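Letters go in sequence order (proteins before strands), and every chain restarts at 1. Since the structure is predicted, the reported quantities are computational estimates derived from the model, not experimental observations.
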There are 2 protein chains.
Amino acid sequence: MLGWEAIRAEVLRRIRARDWPPGGLIPGEEALAEEFGVARATVNRALRDLAEAGVIERKKRAGTRVAELPVRRARLEIPVIRLDVLGRGLAYDFQLLVDRMAPAPVPVAARLGLPEAAPMRYLETVHLAGGRPYVLEARWLNPGVLPPDPPDFSTVSANEWLVTHVSLVSGDIAFTAEAASLREAEVLGVAPGTPLLVAERTTHGTEGPVTLVRLAHAPGHRVQMVF
Amino acid sequence: MLGWEAIRAEVLRRIRARDWPPGGLIPGEEALAEEFGVARATVNRALRDLAEAGVIERKKRAGTRVAELPVRRARLEIPVIRLDVLGRGLAYDFQLLVDRMAPAPVPVAARLGLPEAAPMRYLETVHLAGGRPYVLEARWLNPGVLPPDPPDFSTVSANEWLVTHVSLVSGDIAFTAEAASLREAEVLGVAPGTPLLVAERTTHGTEGPVTLVRLAHAPGHRVQMVF
DNA sequence: ACTTGAATTATGTCTAGACATATTAGCCAA
DNA sequence: TTGGCTAATATGTCTAGACATAATTCAAGT
């Protein structure tokens, strides 16, 4: 019997073969269900999957059309740093370098949508892999949205605690290549100006902005994704 | 009536509230369906979605359990470079710098799973945004798996042609920060050693490895993702 | 010409029931 | 104890039919 994956494969084949050209409408679910001899729900499952992959675009009443330019999507799994390190077969450790309250600098407040100079908690942590510096984490935390039991971040990594104790709703991540600042060079043990892969993340919870974190990775770091 | 999104929200709430602790089994689909007064298919839809998000892990016969460490997933949309540039409100253009056949270097052949020194097509293209260098694209193409109508890559960007003419099955992307080589510095118009964000992609089609491409981005480039 | 509203239609979701499939637990034999 | 077979079970998928929802079309009224 034909399964939804077979339907998906056949639809994809026809799109690749230009049977159904980019931008064109494809037959409705009912028509496809009849053609393939399956229930409409099965066709729906297949088409929904293709829509998620960006191959087709679907709108009620308007029907389903082939995407003009197939946008490929890749998935990045953002691991807790400890597991990332252990997954590479190295011993993990971290050190809390800074933990203090400070007014949010303008760019930080702006990115999180908080008032300027709002009181925030600033944490600086260096994560170690096999005893060597792996990532320098600079984190701004919005104390207003945290659960009422503040842990000691010198024994529990903020990175890890947040994942399990704050329900994150949305966020974004950006990668850039930057020259190591004096501070970064010192902590990571490299020459100033060395190219570093920097990840900047903001996260928002149900009750507002939670944290902005900048991760400066040691040279040679690769961020890998599959699709 | 309760929809699958409501079910998903309630299950997520219970997980966050530690009603169902990390690593623990949650009730089966049938039990939840009865509790919420919906069909099992509706519960299945909700749980499948949570599994895709990495919140729970499901196995036949073994049941559904709360993921030990919630892995957050972000989605990267990989645009065709032309659209990426136009999307930033800049004029797009490109120049083909190199197009020749060459034996695959060892690391290239290894990454693609091809025999050493296999004959490949090597393309070097610089993409321009607003008249200024934006990306240097260095691409190794496996000529064995291409459709029989080779286009002229000096008028059609390889980047764009491949997306629409080869059915890609899988691939991976890796981002690194690297110091600009002499060649990269020259083409991009920056000083050698400048930190560059480099993306390296391999793609595989139904008939084998298709291409390996290295994109060296001009300084300041950001790769942005949401989750 | 312009706006409003209703009919139409394709996708979105749901139900109840069924069979498929993977995996585990338990049993039995070597 | 160990290996392998079997039965039990939770998830995976499918069907046929129904109603919900959004978006378009088109007609009517201003």
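Taking 4.5 Å as the limit, some side-chain heavy atom of A:Met120 sits within range of a side-chain heavy atom of A:Leu112. With contacts defined as side-chain heavy-atom distances shorter than 4.5 Å, the pair A:Asp84/A:His127 does not qualify. Residues A:Ile173 and A:Ile78 have side chains in contact (heavy-atom distance under 4.5 Å, counting atoms from C-beta outward). At least one side-chain heavy atom of B:Ile7 sits under 4.5 Å from a side-chain heavy atom of B:Val38.
Atom P of nucleotide C:dT23 and atom CZ of B:Arg58 are separated by 14 Å, given to the nearest angstrom. Here the P atom of nucleotide D:dA8 and the CD atom of B:Glu30 are 17 Å apart, to the nearest Å. One atom, CZ of A:Arg65, and another, P of C:dA10, lie 13 Å apart when rounded to the nearest Å. Atom-to-atom, CD1 of A:Ile26 to C1' of C:dT11 comes out at 12 Å; the value is rounded to the nearest Å. Taking atom CG of residue A:Leu50 and atom P of nucleotide C:dT11, one finds them 13 Å apart after rounding to whole Å.
Residue B:Gln224 qualifies as enclosed at atom CD: its count of foreign heavy atoms under 6.0 Å is above 12.
A donor-acceptor contact under 3.5 Å is not formed by the side chain of A:Arg61 with the base of D:dT25.
Each of A:Leu136, A:Ile81, A:Val198, A:Leu197 was checked for a side-chain contact (heavy atoms from CB on, under 4.5 Å) with A:Leu215, and the lone residue meeting it is A:Ile81.
Look at A:Thr64 and you won't find any side-chain N or O under 4.0 angstrom from OP1 or OP2 of C:dA10. A sub-4.0 Å separation between OP1 or OP2 of C:dG12 and a side-chain N or O of A:Asn44 is present.
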message = How would you summarise protein contacts on nucleotides 14-19 of chain D per nucleotide, using B for base, S for sugar-phosphate only and - for none, with heavy-atom distances below 4.0 Å?
response = SB--B-
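You'll find that the side chain of A:Lys59 is closest to D:dT24, out of C:dA22, D:dT24, C:dG12. The nucleotide whose nearest atom lies closest to any side-chain atom of A:Glu29 is, among C:dT11, D:dG12, C:dT9, C:dT11. For A:Lys60, taking side-chain heavy atoms from C-beta onward, the closest of the listed nucleotides D:dT24, D:dT11, C:dT11 is C:dT11.
A donor and an acceptor atom, one from each side chain of A:Thr64 and A:Arg58, are located under 3.5 Å apart.
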